[in-house]
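Encoded as structure tokens, the structure appears first; notes follow it.
Residue numbers begin at 1 in each chain, while the letters A, B, ... track the order of the sequences. In this text, all values refer to a predicted model and were calculated from it rather than measured experimentally. Values below: all heavy atoms of this structure, side chains included; hydrogens, waters and symmetry mates excluded.
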2 protein chains.
Amino acid sequence: MSKQIQDESTQIQKKRKVTVVEVAEAAGVSVSAVSRAFNPEASISLPLREKVFKAAASLNYKPNRLARGIKSRSSLVGILMTDFNNPFYLPILSRFTTEIQRRNCHSLLIHVDGDMDIQAAVELVMEYNVDGLIITSATLPQPLVDACRSQNTPVVIFGRDSSENSVTIVSCDNVLAGNMAADMLLDAGYLKPAFVAGPIGTSATLDRQRGFIARLMERGCQEWQVVEGGEFSYDAGFDATLRVFQHTEKPDALFFADDIMACGGMDALRYELGFRVPEDVGVVGVDDIRLAKSRSYNLSTIRQPNEQMIQSSIDALFEHISDSNLPPRSITLPCEAVVRGSTKK
Amino acid sequence: MSKQIQDESTQIQKKRKVTVVEVAEAAGVSVSAVSRAFNPEASISLPLREKVFKAAASLNYKPNRLARGIKSRSSLVGILMTDFNNPFYLPILSRFTTEIQRRNCHSLLIHVDGDMDIQAAVELVMEYNVDGLIITSATLPQPLVDACRSQNTPVVIFGRDSSENSVTIVSCDNVLAGNMAADMLLDAGYLKPAFVAGPIGTSATLDRQRGFIARLMERGCQEWQVVEGGEFSYDAGFDATLRVFQHTEKPDALFFADDIMACGGMDALRYELGFRVPEDVGVVGVDDIRLAKSRSYNLSTIRQPNEQMIQSSIDALFEHISDSNLPPRSITLPCEAVVRGSTKK
DNA sequence: CTGAAAGCGCTTACAG
DNA sequence: CTGAAAGCGCTTACAG
């Protein structure tokens with residue numbers, strides 16, 4: 001009986017959340033003082049702040065971020081992701097959340113899958129009053145850009161894209177990536193390279209292709225070809241490679257739109273078509289995902305400067321949050337060639 | 001000049017968020033009516049609701065979820081992740097967010113890394129008034145469990161663990177996984193298997209080990225050994241394998257605590273130690289990550305029933321959200337042996 | 001720097 | 001079913 005009562009009181013004690021009012025009472029100050037004490041930018045004297053903190057600590061007070069967000073910043077940053085299958089994005093997501101948390105904000109993760117309207121997704125994030133929004137997407141459909149522009153919330157697109165200039169976008173130089181891949185293959189002595197494209201409509205893919213072919217031609221290579229690859233996935237790379245070698249013109253090297261496709265392609269070459277890599281066919285990817293340096297793949301690739309790209313994205317986003325008049329800008333970072341074992345020495 | 005003014009007005013129009021009050025005015029009803037119209041469970045007549053919706057649509061009104069959350073549900077579900085390096089977790093995160101969104105809620109993603117206090121992280125999520133919390137973690141430190149218990153918010157641990165019963169937890173039967181791995185290796189004719197353990201303190205690892213050894217002994221196998229593996233990562237599996245073969249007792253098969261370790265281990269065997277897999281040494285993992293079925297690894301493994309585990313986690317979480325008196329329970333799902341090419345036929 | 005008071009946008013007893 | 005009013009927990013001009 002007494003046990004029961006005690007249980008109930010414990011439960012009630014758990015349920016009741018302590019508020020500014022109670023802290024104010026306990027500290028013998030106004031609620032404004034409590035509010036200010038928990039707001040780093042507010043003007044409040046040190047003694048007062050400490051008095052409040054002491055009372056707050058003894059009551060185990062935690063500010064309610066929702067209530068705070070309704071008048072002030074929500075401390076929420078939206079992250080919109082579309083390509084949840086590509087392992088490339090796991091470390092990226094990891095770093096984004098870490099950086100956001102480092103700035104005392106938190107991540108609202110929105111997963112936009114195929115059958116979801118991207119415009120609706122953007123609007124939805126806005127219902128949470130997010131302070132800013134990060135969009136990671138290999139594809140960058142115009143409706144998405146439009147949706148971002150119509151919001152007055154800062155948006156940064158962490159893209160593989162670059163043509164857009166009405167919204168802030170961070171990407172690596174994909175034309176350069178194409179150049180580098182061409183050099184890598186030509187330098188290694190390959191003569192008939194093919195580009196295996198990624199999903200249609202991704203300008204990153206187009207830029208890589210453009211850079212690749214431009215450099216090939218520049219260096220006098222004539223026998224190149226471009227083939228469709230499908231989505232950014234192991235299976236797509238695998239299947240595309242099989243298709244390539246049914247053509248009459250067989251390439252002696254493949255440049256894939258990204259690493260995970262390249263891994264699939266390498267396996268098709270080695271385990272299905274019986275080629276040796278790099279002796280018979282050379283392979284280059286883009287990204288430098290973790291798997292690329294495994295002993296099984298040991299993939300030559302063009303590394304995107306992920307850390308810098310993320311850092312720039314976060315910096316730009318928070319600058320936009322602080323200063324809403326900052327014009328959108330386009331940040332393009334250089335990539336880096338990483339020669340491993342999938343190309344001849 | 002006129003341009004300037006127009007720009008300003010557009011900007012103002014963007015900034016002003018339309019509220020219940022304006023919708024109420026436009027529709028000629030009370031704010032209560034507007035609120036009810038947007039609340040599926042509220043009792044309101046169809047005509048009234050439609051009148052409100054019409055006005056809301058014409059004003060492009062979107063409810064402010066933060067304001068709503070302060071009195072009612074926040075529609076926010078926290079997801080706490082620790083193992084952001086393991087590709088195993090990308091599809092899991094993907095499915096969780098999808099399921100949460102399907103229920104008209106959204107995911108607050110918290111990344112708990114090494115130097116972050118897990119207790120602090122849990123408390124922090126609570127500041128957002130999340131309706132519920134999902135924790136995915138290979139390790140399950142007691143402080144975490146305690147932190148969860150002290151909150152009155154529903155928590156589900158998506159674990160590889162099972163011993164705990166003071167909080168709802170969903171996992172697969174890791175002892176069974178160990179049994180299956182033992183059977184797989186013994187059935188294939190291996191005689192001296194070793195278990196390569198995962199991070200210490202992960203009961204999943206211990207359970208797998210226990211199940212593995214129990215079955216080996218049961219079937220009369222004496223020459224087994226257990227070695228430390230380190231963290232769940234490619235490199236850890238690679239290094240551990242190198243160490244194993246420096247011992248005087250060389251195993252002829254390795255059961256790794258998870259797939260990504262097994263991939264690293266296979267590469268060490270093939271590319272560093274010169275063994276053939278599966279002829280010289282057999283390899284089995286746990287998880288069935290996407291990479292496991294690549295042609296390069298073609299890894300025999302014990303598959304965790306991820307989809308079911310996620311579905312059960314989400315179902316359990318929302319049941320707890322609906323009924324706060326539901327006692328915690330432990331849901332353990334069976335796993336499945338997947339024989340591929342890393343074990344002899 | 002500090003406090004009293006109004007307000008943020010929404011919800012929810014309370015009457016009718 | 002509907003509306004007027006109080007309230008959620010916090011912030012922020014406004015005075016002092």
* Asked: Can you list the steps and then say if B:Leu93 with A:Leu109 is a side chain to side chain contact (heavy atoms under 4.5 Å, CB included)?
  -> CA-CA 10 Å; B:Leu93 185 57; A:Leu109 179 64; 4.0 Å; yes
By side-chain hydrogen bond (donor to acceptor under 3.5 Å, both in side chains), B:Asn129 pairs with (sequence neighbours left out) A:Lys17
Applying side-chain hydrogen bond (donor to acceptor under 3.5 Å, both in side chains) to A:Arg329 and not counting sequence neighbours gives A:Glu319
[X] [atom1] to [N] [atom2]: how many Å, rounded?
X: A:Leu66; N: D:dT11; atom1: CG; atom2: P; answer: 12 Å
X: B:Arg73; N: C:dC10; atom1: CZ; atom2: P; answer: 19 Å
X: B:Asn129; N: C:dT11; atom1: CG; atom2: P; answer: 14 Å
X: B:Glu127; N: D:dG9; atom1: CD; atom2: P; answer: 15 Å
X: A:Ile70; N: C:dC8; atom1: CD1; atom2: C1'; answer: 4 Å
X: B:Arg49; N: D:dT2; atom1: CZ; atom2: P; answer: 10 Å

Across all chains, not counting sequence neighbours, the side-chain contact (heavy atoms from CB on, under 4.5 Å) partners of A:Ala26 are A:Ala55, A:Leu59
> Side chain of B:Thr19, backbone of B:Val21: donor and acceptor closer than 3.5 Å?
Replying inline: yes
Contacts satisfying salt bridge (Lys or Arg N to Asp or Glu O under 4.0 Å) that involve residues 96-111 of chain B (not counting sequence neighbours) are B:Glu99-B:Arg102, B:Arg103-B:Asp315
In short, salt bridge (Lys or Arg N to Asp or Glu O under 4.0 Å) pairs touching residues 120-130 of chain A with sequence neighbours left out are A:Glu123-B:Lys62, A:Glu127-B:Arg65
The ring pair (Phe, Tyr, Trp, His ring centres under 6.0 Å) partners of A:His320 (sequence neighbours excluded) come to none
Problem - Whole-angstrom distance between C:dA6 and C:dT2, as gauged at atom P - result: 23 Å
Sequence neighbours excluded, the answer for salt bridge (charged side-chain N to carboxylate O under 4.0 Å, His left out) partners of A:Glu307 is A:Arg95
*When we call it a touch if two heavy atoms are under 4.0 Å apart, what does B:Ser72 touch: a base, just sugar-phosphate, or nothing?*
sugar-phosphate
* Asked: Hey, are the side chains of B:Ile314 and B:Phe158 touching, using non-hydrogen atoms and a 4.5 Å cut-off?
  -> no
Pick out the pairs of N or O atoms, protein on one side and nucleotides 4-6 of chain C on the other, that lie under 3.5 Å.
unit_1 : atom_1 : unit_2  : atom_2 : d
C:dA4  : N7     : A:Ser32 : OG     : 3.3
C:dA4  : N6     : A:Ser32 : OG     : 2.8

Annotated structure of DNA chain C as dot-bracket, pair cut-off 3.5 Å, Watson-Crick or G-U only, | for inter-strand, is |||.||||||||.|||
In A:Pro328, A:Ser313, A:Ser312, the residue satisfying side-chain contact (heavy atoms from CB on, under 4.5 Å) with A:Val156 is A:Ser313
Show me, pair by pair, the donor-acceptor contacts under 3.5 angstrom made by side chains of residues 27-42 of chain A, not counting sequence neighbours?
unit_1  : atom_1 : unit_2  : atom_2 : d
A:Ser30 : OG     : A:Ser32 : N      : 3.4
A:Ser30 : OG     : A:Ala33 : N      : 3.1
A:Asn39 : OD1    : A:Glu41 : N      : 3.3

Here the gap from A:Leu108 atom CG to A:Ser75 atom OG, rounded to the nearest 0.5 Å, amounts to 12.5 Å
Among the nucleotides C:dT12, D:dG3, D:dC10, whichever has the atom closest to the side chain of B:Ala33 is D:dG3
Within residues 37-48 of chain B, those residues having any heavy atom closer than 4.0 Å to DNA chain C are none
Residues in residues 53-65 of chain A with a heavy atom under 4.0 Å of DNA chain C, by number, are none
Minimal heavy-atom distance between B:Ser94 and A:His111, with the atoms involved, is OG-CE1, 3.0 Å
